[in-house]
Amino acid sequence: MEVFTQLEGIVVPLNRANVDTDAIIPKQFLKSIRRTGYGPYLFDEWRYEDRGEPGMDCTNRPQRKDFVLNQPRYAGASILLAGENFGCGSSREHAPWALLDYGFRCIIAPSFADIFYNNCFKNGILPVVLDEAVVQRLMAECEAQEGYRLIVDLPQQTITTPSGEHFSFAVDDFRKHCLLHGLDDIGLTLQHADEIRAYEQRRKQEAPWLF
Amino acid sequence: MAKTLFDKVWDQHVVRQNDDGSTLLYIDRHLVHEVTSPQAFEGLRLAGRRPWRTAATVATPDHNVPTIHREQGITDPVSRVQVEALDANCREFGIMEFGLGDIRQGVVHVVGPEQGLTLPGMTVVCGDSHTSTHGAFGAIAMGIGTSEVEHVLATQCLIQKKPKTMRIRIEGRFPNGVTGKDIALYIIGKIGTAGGTGHAIEFAGSAVRGLSMEGRMSLCNMAIEAGARCGMVAVDDTTIDYVRNRPFGPDAACWAQAEQAWRTLHSDADAVFDTEVQFDAADIAPQVSWGTSPEMVLPVTAEIPAPEEARNAVQAEGWRRALEYMGLKPHTKITDIQVDKVFIGSCTNGRIEDFRAAAAIVRGHKVADNIKLAMAVPGSGLVKQQAEQEGLDRIFIEAGFEWRDPGCSMCLAMNADRLEPGERCASTSNRNFEGRQGMGGRTHLVSPAMAAAAAIAGHFVDVRDWQEVQ
């Protein structure tokens with residue numbers, strides 16, 4: 001997993017509530033057995049006019065001009081601003097894989113669905129919760145100002161706007177630690193292998209039908 | 001100290017309490033399917049790791065399998081590679097699989113309970129959000145992503161932060177024609193798709209205790225549509241009777257011990273929940289979703305709302321988008337909405353009781369002329385077999401339904417079962433998101449009886465009036 005410390009990048013405003021993981025990456029792309037290559041199909045049904053299929057070359061597909069990701073001013077964006085309950089629905093990790101593959105490293109929203117939120121941390125994406133009013137203000141600033149960039153500082157847990165305004169955000173210590181160091185949490189858990197074995201021995205006595 | 005049901009099961013599974021507030025939680029049962037597992041198995045291979053305890057893990061392909069012409073194999077080459085990858089991974093890592101030729105194959109959340117792989121008081125995970133289904137057994141059952149699938153395979157544990165608890169109590173008696181599905185939709189309509197975020201929900205009250213296991217599974221299945229980490233129902237006689245004699249349940253030697261332990265799996269009388277909500281069963285009518293989120297749902301007797309009636313600007317904009325996508329106008333009566341396709345099945349409503357309820361409506365009738373396709377897709381090979389023994393397949397086929405092989409099918413439309421742009425579907429599945437059942441497809445979520453009645457009438461009808469309609 002790629003380390004996340006500080007990020008300065010172009011911001012895309014996606015001003016919709018309840019963006020679900022079916023919208024982030026439609027089901028036909030879940031047939032892939034790889035972790036990469038989903039970026040061209042991110043938000044496929046909102047981004048293109050035709051029906052996308054796995055393996056399709058997207059360079060000449062007809063684009064929906066009104067969708068934010070298709071506007072040239074947001075090219076190369078790495079920060080997504082979104083509405084409440086972002087990432088609801090399916091547990092598919094293909095959603096953060098697609099966002100990452102496209103180039104997003106940070107998503108800012110008033111709230112996230114639990115499974116999606118968790119999946120982001122496993123893939124080096126930082127999901128940031130800010131107040132609804134703040135997110136709406138950032139959306140307005142972003143739409144008004146071409147080339148709008150934010151600075152995301154994970155060690156300090158702050159977001160800084162071009163005018164120098166700071167907003168703090170909360171993040172669990174464990175998740176922050178893993179993201180800062182790009183840690184594989186399976187390796188961390190296996191450091192407690194003896195405790196897992198001891199638990200199993202005890203449970204076998206208490207509840208033998210589980211083994 | 002008084003404990004909630006959730007606390008009791010959680011506490012029994014704590015391997016280690018970490019200093020940072022996270023918990024290393026032991027997982028008793030890991031269900032695996034073809035779509036969210038290949039990258040996890042690949043991760044194990046790359047790291048040179050083996051599964052921690054293969055006996056805890058069971059696999060079956062469901063999302064991406066054909067529901068027709070199985071004898072031809074999987075004709076879509078991309079889907080075939082994925083299902084074959086599951087077969088190969090299970091062989092390589094020694095994991096039990098109910099493959100495509102096995103009568104036990106089916107939707108993973110139907111198969112687990114049916115086989116007794118899901119038991120009261122367990123922790124159950126699967127790389128699928130509808131794992132919440134298994135909470136109907138007083139289990140903590142959570143959907144996880146692929147990285148966590150790999151983590152559970154490698155360690156039999158998950159690193160978790162304890163969620164808050166919520167109790168949703170429903171007291172009283174349901175009117176006839178109201179099912180677990182209607183209750184689930186009603187609750188989501190009231191608390192919203194983020195109403196349960198960060199919470200473990202316990203469904204309680206006399207009305208919930210009166211539900212069959214199938215009804216409880218439909219209810220817990222959709223806890224995720226309310227944003228919850230999991231949904232649960234306390235163990236009682238209904239639970240114990242369902243579990244008895246299941247193939248992978250406790251053997252005779254430890255049944256009594258198991259039953260004694262399971263009988264403690266309810267919230268203590270004075271247990272405190274972070275959030276409490278209560279509804280009256282008598283207020284719940286058969287539900288029909290009208291929009292592109294499960295919270296956009298109304299009783300069948302209602303009219304489509306207007307954006308001006310929304311509670312704020314964000315919701316109004318969401319409703320406007322939904323109305324446009326769904327091709328609906330405000331103030332249209334729900335019973336005036338015609339449908340093109342009907343889908344009965346899925347992890348929400350693919351169990352024997354669901355097909356009995358639908359068949360009771362369909363019996364002796366024909367599918368309406370405007371219905372292009374009506375499908376009944378059993379949740380497992382054993383549900384299919386049982387239905388056929390009861391003659392339900394004949395009822396569906398004679399009415400003009402297609403009687404298919406088990407799989408997720410048109411719930412998420414990964415296989416060939418899907419809507420074409422603009423087509424409208426009465427569906428017993430769980431999500432009405434844009435494009436969920438096919439690009440441009442329009443989904444209305446309903447119970448099996450409501451879907452069956454829509455197939456016969458060609459439009460939505462109130463199943464409580466079904467006798468009169470005939």
Side-chain angles (χ1 to χ4, degrees), chain A residues 15-18 20 22-23 26-28 30-35 45-46 51-52 54-55 83-85 88-94 96-97 111-116 118-119 122-123 132 172-174 177 184-190 192-193 195-196 198-200 203 206-211, chain B residues 15-16 18 20-22 24 26 28 35-36 38-39 42 47 49 52 55 63-64 78-79 81-82 85 119 122 127-129 143-148 150-151 154-157 159 161 193-194 197-198 227 229 249-251 254 257-258 261 293 314 318 321 412-414 431 433-436 439:
Chain A
N15 200 358
R16 295 181 190 183
N18 299 313
D20 59 76
D22 275 84
K27 82 281 295 178
Q28 62 270 36
L30 275 53
K31 295 178 186 181
S32 167
I33 57 172
R34 300 168 57 220
R35 273 179 186 261
E45 290 182 10
W46 292 348
R51 172 146 65 196
E84 63 180 1
N85 200 26
C88 61
S90 151
S91 65
R92 60 188 70 167
E93 202 159 313
H94 311 68
W97 293 339
S111 59
F112 292 89
D114 288 335
I115 304 176
F116 175 83
N118 193 40
N119 282 342
K122 309 287 183 190
N123 292 282
E132 171 101 52
D172 287 343
D173 289 347
F174 176 73
H177 178 74
D184 161 13
D185 57 4
I186 295 177
L188 294 177
T189 296
L190 286 173
H192 305 298
E195 286 168 85
I196 302 171
Y199 171 87
E200 286 179 326
R203 271 305 264 176
E206 287 171 7
W209 62 90
L210 293 174
F211 291 86
Chain B
V15 172
R16 179 190 162 81
N18 296 314
D20 57 23
S22 65
L24 192 61
Y26 192 79
D28 295 315
V35 173
T36 57
Q39 297 86 353
E42 183 64 13
R49 291 176 176 134
W52 181 274
H63 282 61
N64 205 356
V78 189
S79 299
V81 164
Q82 195 170 52
L119 294 171
M122 273 184 163
D128 187 278
S129 58
I144 55 176
T146 298
S147 294
E148 289 192 325
E150 184 180 340
H151 193 282
T155 69
Q156 210 52 48
C157 292
I159 301 164
K161 202 179 158 189
T193 50
T197 301
R229 277 304 273 144
D251 55 26
C254 56
Q257 187 188 359
S293 162
V314 173
R321 277 185 58 86
L412 89 164
M414 265 190 86
R431 292 196 171 124
F433 299 154
E434 286 183 27
R436 172 75 178 182
M439 186 182 174

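Since the model is a prediction, treat every value here as computed from it, not as a measurement. Residue numbers start from 1 in every chain, and the chains themselves are labelled A, B, ... in the order their sequence lines are given, proteins ahead of strands.
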(message) At a 4.5 Å cut-off on heavy atoms, which part of B:Val314 comes close to chain A: side chain, backbone, both, or neither?
(response) side chain
(request) Under 4.5 Å, counting heavy-atom pairs only, tell me which of B:Pro38, B:Ser147, B:Pro250 racks up the most with chain A. (result) B:Ser147
(message) For B:Ile144 and A:Asn118: C-alpha separation, side-chain torsions, deciding distance, then whether side chain to side chain contact (heavy atoms under 4.5 Å, CB included) applies.
(response) CA-CA 9 Å; B:Ile144 55 176; A:Asn118 193 40; over 6 Å; no
(message) For chain B, which candidate among A:Asp184, A:Asp185, A:Asn123 shows the most heavy-atom pairs at distances under 4.5 Å?
(response) A:Asp185
(request) Specify the closest pair of heavy atoms between A:Ile115 and B:Gly145, including all atoms of both residues, with the distance to one decimal. (result) CG2-N, 4.3 Å
(request) Counting only heavy atoms closer than 4.5 Å, note whether B:Glu434 contacts chain A via side chain, backbone, both or neither. (result) both
(message) Is A:Glu200 in contact with chain B via its backbone, its side chain, both, or neither, using a 4.5 Å heavy-atom distance?
(response) side chain
(request) Determine the minimum heavy-atom distance between B:Ser129 and A:Ser90, stating which atoms define it. (result) OG-CA, 3.6 Å
(message) Can you tell me which portion of B:Ala55 sits under 4.5 Å from chain A's heavy atoms? Options are side chain, backbone, both or neither.
(response) neither
(request) Go through A:Glu84, A:Glu206, A:Arg16, A:Arg92 and name the one with the most non-hydrogen pairs under 4.5 angstrom from chain B. (result) A:Arg16
(message) With chain A as the partner, which of B:Met122, B:Glu42, B:Lys161 has the greatest number of non-hydrogen pairs under 4.5 Å?
(response) B:Lys161
(request) For chain B, find which of A:His94, A:His177, A:Glu132 contributes the most heavy-atom pairs closer than 4.5 angstrom. (result) A:His94
(message) Only pairs of heavy atoms separated by less than 4.5 Å count here; which of B:Thr36, B:Asn18, B:Thr193 has the most with chain A?
(response) B:Thr193
(request) List in chain and number order the residues that pass side-chain hydrogen bond (donor to acceptor under 3.5 Å, both in side chains) with A:Asp114, two or more places apart in sequence or in another chain; answer none if no residue qualifies. (result) none
(request) Any chance you could measure A:Leu30, atom CG, to B:Asn64, atom CG, to the nearest 0.5 Å? (result) 9.0 Å
(message) Do B:Gln257 and A:Trp209 pair up side chain to side chain, a donor and an acceptor below 3.5 Å, judged on atom types alone?
(response) no
(request) Looking only at non-hydrogen atoms, find the nearest pair between B:Met414 and A:Lys31 and report the distance. (result) O-CE, 3.1 Å
(message) Heavy-atom pairs under 4.5 Å with chain B: which of A:Ser32, A:Pro96, A:Gly89, A:Gly83 has the most?
(response) A:Gly89
(request) With the side chain counted from C-beta on, respond yes when A:Asp172 and B:Asp20 share a heavy-atom pair under 4.5 Å apart, and no when they do not. (result) no
(message) Within the 4.5 Å heavy-atom criterion, are B:Cys157 and A:His192 side-chain neighbours or not?
(response) no
(message) Quick check: do A:Ile186 and B:Glu150 have side-chain heavy atoms less than 4.5 Å from each other?
(response) yes
(message) Heavy-atom cut-off 4.5 Å, strictly under: side chain, backbone, both or neither for B:Arg229 against chain A?
(response) both
(request) Starting at CD of B:Glu148, measure out to CG of A:Asn119 and round the result to the nearest 0.5 Å. (result) 6.5 Å
(request) May I ask you to name which of A:Ala193, A:Gly55, A:Pro26 has the most heavy-atom pairs under 4.5 Å with chain B? (result) A:Ala193
(request) Output the option from A:Lys122, A:Arg51, A:Glu195 having the highest count of non-hydrogen pairs under 4.5 Å with chain B. (result) A:Arg51
(request) Would you name the heavy atoms of A:Lys27 and B:Leu412 that are closest together and state the gap between them? (result) CE-O, 2.8 Å
(message) Quick one, B:Thr146 with A:Trp97, criterion side chain to side chain contact (heavy atoms under 4.5 Å, CB included). Give me CA distance, side-chain angles, the key distance, then yes/no.
(response) CA-CA 11 Å; B:Thr146 298; A:Trp97 293 339; 3.8 Å; yes
(message) Out of B:Gly143, B:Ser293, B:Ala413, B:Ala258, return the one with the most heavy atom pairs under 4.5 angstrom to chain A.
(response) B:Ala258
(request) Evaluate side chain to side chain contact (heavy atoms under 4.5 Å, CB included) for A:Phe174 paired with B:Ile159, printing each intermediate quantity in order. (result) CA-CA 10 Å; A:Phe174 176 73; B:Ile159 301 164; 3.6 Å; yes
(request) Could you please spell out the steps behind the side chain to side chain contact (heavy atoms under 4.5 Å, CB included) verdict for A:Leu190 and B:Arg49? (result) CA-CA 11 Å; A:Leu190 286 173; B:Arg49 291 176 176 134; 3.7 Å; yes
(message) Looking only at heavy atoms and a cut-off of under 4.5 Å, which of B:Gly435, B:Gly227, B:Ser22 has the most pairs with chain A?
(response) B:Gly435
(message) Under 4.5 Å from any heavy atom of chain B, what part of A:Phe112 do you find: side chain, backbone, both or neither?
(response) backbone
(message) Looking at every heavy atom in both A:Asp22 and B:Arg431, which two are closest together, and how far apart are they?
(response) OD1-CD, 4.5 Å
(message) To check you understand the geometry: which heavy-atom pair defines the closest contact between B:His151 and A:Thr189, and what is its length?
(response) NE2-OG1, 2.8 Å
